[in-house]
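Only one structure is covered here, and it is reproduced in the block below.
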Amino acid sequence: MRIQELADTARALVADHKGLLAMDESNGTCNKRFAKQCIPQTEEARRAYRELIVTTPHLGECISGVILYDETIRQSKKDGSPFIEVIREAGIIPGIKVDIGAKDLAGHPGEKITEGLDGLRDRLKAYFAMGARFAKWRAVIALGDCLPTQACIETNAHALARYAALCQEAGLVPIVEPEVLMAGDHTMEQCRATTEQVLLNVFEQLHLQGVVLEGLILKPNMILPGLTCPQQDAVEEVADATVRCLLHAVPAAVPGIAFLSGGQSAKLASARLNAMNSRSNARAAPLPWALAFSYARAIQQPALEIWRGRQSNVVAAQRALHHRAQCNVAARRGAYREAMESM
Ligand code: 13P
């Protein structure tokens, strides 16, 4: 196993206050988002949208890595240049989503298990040959009456760890993404308790499978109240609860934590990350890991709403995408301000 290369890639993914851009929506998810904007749900529209993203001027100044989907990693710009080349030329590391989705967990209504381990070794080999240097696997954990069950937590943690071990064997840095969902009326404290339990299980399984912590990136949810919880906690409370939870559960050897946005608004995702970093900058002892971002919706959504499938909107959409990326780089420094939103 090329441990030094894995550690170098993992560190590069969180270096220079940059972060990750997730553009790995499956065709189904991408089509659903297109449908809301009345964009045709075709392969060509998905290709054109991904071309808009990867050709955004100066993207590499803010984005260290992009997460692609199997269809996208094989696509090219209209002029024939493969996306993977365009990405590398922009100084961005290409990554790939390798799970095949969350399916119903047998015997556990309302819970999911992420699938995709069968044949994964060969797929990882092929993606490495194409130029990918990191991968992503997302597990989803629902919060609710008597949920999650220990069965759901343990099966998902086990799958994440087996995926991570296979990635490292293939020379790819695994992004380990256990997402405790925002849907529901649970409190921030319930989210914290469940997230901590999930993360402790995930790191136990990673240890069992021999995964090298220096060569992975954790992609967790922030500690948030449920979307329909009557009490919506302040940005600073979310920041402190999130950092406290991570300090309890994430070993110091992990180089970086890159949050998912999970359905938060783009502005809140920046403000909350900013609060974590600005409050951490004021701590007596620095945090052991970088606190970064790996957002899909919180970077892409404003751009998608501007584009709406029209060539004439591409430049304005790219400007919006770049602006969100800049806001999140500022949030990594603890220098994001509300005033940036009107620039
Ligand atoms: P969101 O930031 O939209 O939650 O997406 C992140 C992601 O990669 C989901 O797996």
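- Once rounded to the nearest 0.5 Å, the distance linking CG of L321 with CG of L52 reads 7.0 Å.
- Taking 4.5 Å as the limit, some side-chain heavy atom of D240 sits within range of a side-chain heavy atom of R279.
- Side-chain N or O atoms of T195 include one that pairs as donor or acceptor with a backbone N or O of C191 at under 3.5 Å.
- Under a 3.5 Å cut-off, the side chain of N156 and the backbone N or O of P178 do not form any donor-acceptor pair.
- A donor-acceptor pair under 3.5 Å links the side-chain atoms of N281 to the main chain of R333, judged by distance alone.
- Taking both residues in full, the closest heavy atoms of L260 and N221 are given as CD2-N, 3.8 Å, listed atom of the first, atom of the second, then distance.
- When atom types are taken as modelled, the side chain of N201 and the backbone of I153 share no donor-acceptor pair closer than 3.5 angstrom.
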For this session: Any chance you could lay out the side chain to side chain contact (heavy atoms under 4.5 Å, CB included) test for T56 and I63, step after step, and finish with the verdict?
Result: CA-CA 11 Å; T56 294; I63 298 297; over 6 Å; no
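- Put simply, the side chain of R123 gets close to the backbone of G116: a donor and an acceptor are under 3.5 Å apart.
- P302 and I299 make their closest contact through CD-O, 3.8 Å (heavy atoms, listed as atom of the first residue, atom of the second, distance).
- Within the model, atoms CD of Q75 and CD1 of I84 stand 12.0 Å from one another, a figure rounded to the nearest 0.5 Å.
- To the nearest 0.5 angstrom, I223 atom CD1 is 8.5 Å from M276 atom CE.
- A donor-acceptor pair under 3.5 Å is absent between the side-chain atoms of E89 and the main chain of V86, judged by distance alone.
- Residues N328 and L273 share a closest heavy-atom pair of O-CD2, 4.1 Å.
- No side-chain heavy atom of H158 sits under 4.5 Å from any side-chain heavy atom of T155.
- Taking CD from E214 and CD1 from I3, the interatomic distance works out to 8.0 Å, rounded to the nearest 0.5 Å.
- Using a 4.5 Å cut-off on side-chain heavy atoms (C-beta onward), I39 and L304 make contact.
- Side chains of V212 and L6 form no contact here, defined as non-hydrogen atoms less than 4.5 Å apart.
- With sequence neighbours excluded, no residue forms a side chain to side chain donor-acceptor pair (under 3.5 Å) with T194.
- At distances below 3.5 Å, at least one donor-acceptor pair connects side-chain atoms of N277 with backbone N or O atoms of A331.
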Exercise. Can you list the steps and then say if Q205 with E154 is a side chain to side chain donor-acceptor pair (under 3.5 Å)?
Worked result: CA-CA 9 Å; Q205 288 294 326; E154 282 187 22; 5.8 Å; no
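- A salt bridge links K136 to E177: one of the charged nitrogens lies within less than 4.0 Å of a carboxylate oxygen.
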For this session: Evaluate the salt bridge (charged side-chain N to carboxylate O under 4.0 Å, His left out) criterion for residues E341 and R324: first the C-alpha distance (whole Å), next the side-chain angles of each, then the deciding distance (0.1 Å), finally the verdict.
Result: CA-CA 9 Å; E341 297 299 347; R324 285 267 49 93; 2.8 Å; yes
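- Each side-chain hydrogen bond (donor to acceptor under 3.5 Å, both in side chains) pair with one or both residues in residues 248-267, not counting sequence neighbours, appears once here: E196-H248, Q264-R272.
- By the 4.5 Å heavy-atom criterion applied to side chains, R88 and P94 are counted as neighbours.
- Under the 3.5 Å distance criterion, with hydrogens and angles disregarded, a donor-acceptor pair is assigned to the side chains of R46 and N31.
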Exercise. Would Q37 and W307 count as a side chain to side chain contact (heavy atoms under 4.5 Å, CB included) if you check the C-alpha gap in whole Å, the side-chain angles of each, and the deciding distance to 0.1 Å?
Worked result: CA-CA 9 Å; Q37 309 300 325; W307 179 54; over 6 Å; no
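- Contact record, H108 with A151: NE2-CB, 3.4 Å, taken as the closest heavy-atom pair.
- In this structure, V254 is a member of the same hydrophobic cluster as L172, with clusters built from ILVMFWY side-chain heavy atoms closer than 4.5 Å.
- In this structure, the side-chain contact (heavy atoms from CB on, under 4.5 Å) partners of D70, at least two apart in sequence or on a different chain, are R74, Y127.
- Atom CD of Q311 is surrounded by 12 or fewer heavy atoms from other residues, nucleotides or ligands within 6.0 Å.
- Looking only at side-chain heavy atoms (C-beta outward), L124 and C167 come within less than 4.5 Å of each other.
- When hydrophobic clusters are built by joining Ile, Leu, Val, Met, Phe, Trp and Tyr residues whose side-chain heavy atoms come closer than 4.5 Å, directly or via intermediates, L200 is not grouped with W289.
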Identify all side-chain donor-acceptor contacts of residues 10-23 below 3.5 Å with residues at least two apart in sequence or on another chain.
from, atom 1, to, atom 2, distance (Å)
R11, NH2, D8, OD1, 3.0
K18, NZ, G60, O, 2.9

For this session: Kindly determine whether M188 and M222 satisfy side chain to side chain contact (heavy atoms under 4.5 Å, CB included), including the steps that lead there.
Result: CA-CA 10 Å; M188 186 168 80; M222 294 182 191; over 6 Å; no
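- With respect to R47 and E43, no salt bridge is recorded, no charged nitrogen being found less than 4.0 Å from a carboxylate O.
- Using a 3.5 Å distance cut-off with no hydrogens or angles, the side chains of T55 and Q318 do pair a donor with an acceptor.
- The 12-atom threshold is not exceeded at CG of D118, counting heavy atoms of other residues, nucleotides or ligands nearer than 6.0 Å.
- Here the closest heavy-atom approach between residue T114 and residue A139 is recorded as OG1-CA, 3.4 Å.
- Within the model, atoms CZ of R50 and OG of S76 stand 14.0 Å from one another, a figure rounded to the nearest 0.5 Å.
- In this structure, the side chain of E115 does not engage the main chain of K103 through any donor-acceptor pair within 3.5 Å.
- The CD1 atom of I175 lies 6.0 Å from the OG atom of S294; values are rounded to the nearest 0.5 Å.
- Below 30°, between 30° and 60°, or above 60°: for H58 and H322 the angle between ring planes is between 30° and 60°, a tilted geometry.
- Side-chain atoms of Y163 come within 3.5 Å of backbone atoms of A135 as a donor-acceptor pair (strictly under, hydrogens ignored).
- Judged as a salt bridge (charged side-chain N to carboxylate O under 4.0 Å, His left out), and not counting sequence neighbours, the contacts of K78 are E44.
- Note on I100 and I73: separate hydrophobic clusters, where clusters join Ile, Leu, Val, Met, Phe, Trp and Tyr whose side-chain heavy atoms are under 4.5 Å apart, directly or indirectly.
- Using a 4.0 Å cut-off between a side-chain N of Lys or Arg and a carboxylate O of Asp or Glu, D99 and R138 do not qualify as a salt bridge.
- Cluster annotation: L247 and F203 are assigned to the same hydrophobic cluster (Ile/Leu/Val/Met/Phe/Trp/Tyr, side-chain heavy-atom contacts under 4.5 Å, transitive).
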Exercise. Can D122 and K125 be said to form a side chain to side chain contact (heavy atoms under 4.5 Å, CB included), step by step?
Worked result: CA-CA 5 Å; D122 292 339; K125 229 183 260 167; 4.2 Å; yes
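- Side-chain contact between V176 and K219 is absent, with no heavy-atom pair separated by less than 4.5 Å.
- Using a distance-only test at 3.5 Å, with no hydrogens or angles considered, a donor-acceptor pair links the side chain of K97 to the main chain of D24.
- Note on Y69: it does not cluster hydrophobically with F34, by side-chain heavy-atom contacts below 4.5 Å among ILVMFWY residues.
- Nearest heavy atom pair, residue L246 against residue P220, reads CD2-CG, 4.3 Å.
- Considering only residues two or more places apart in sequence or on other chains, T29 meets the side-chain contact (heavy atoms from CB on, under 4.5 Å) condition with E25, S26, R33.
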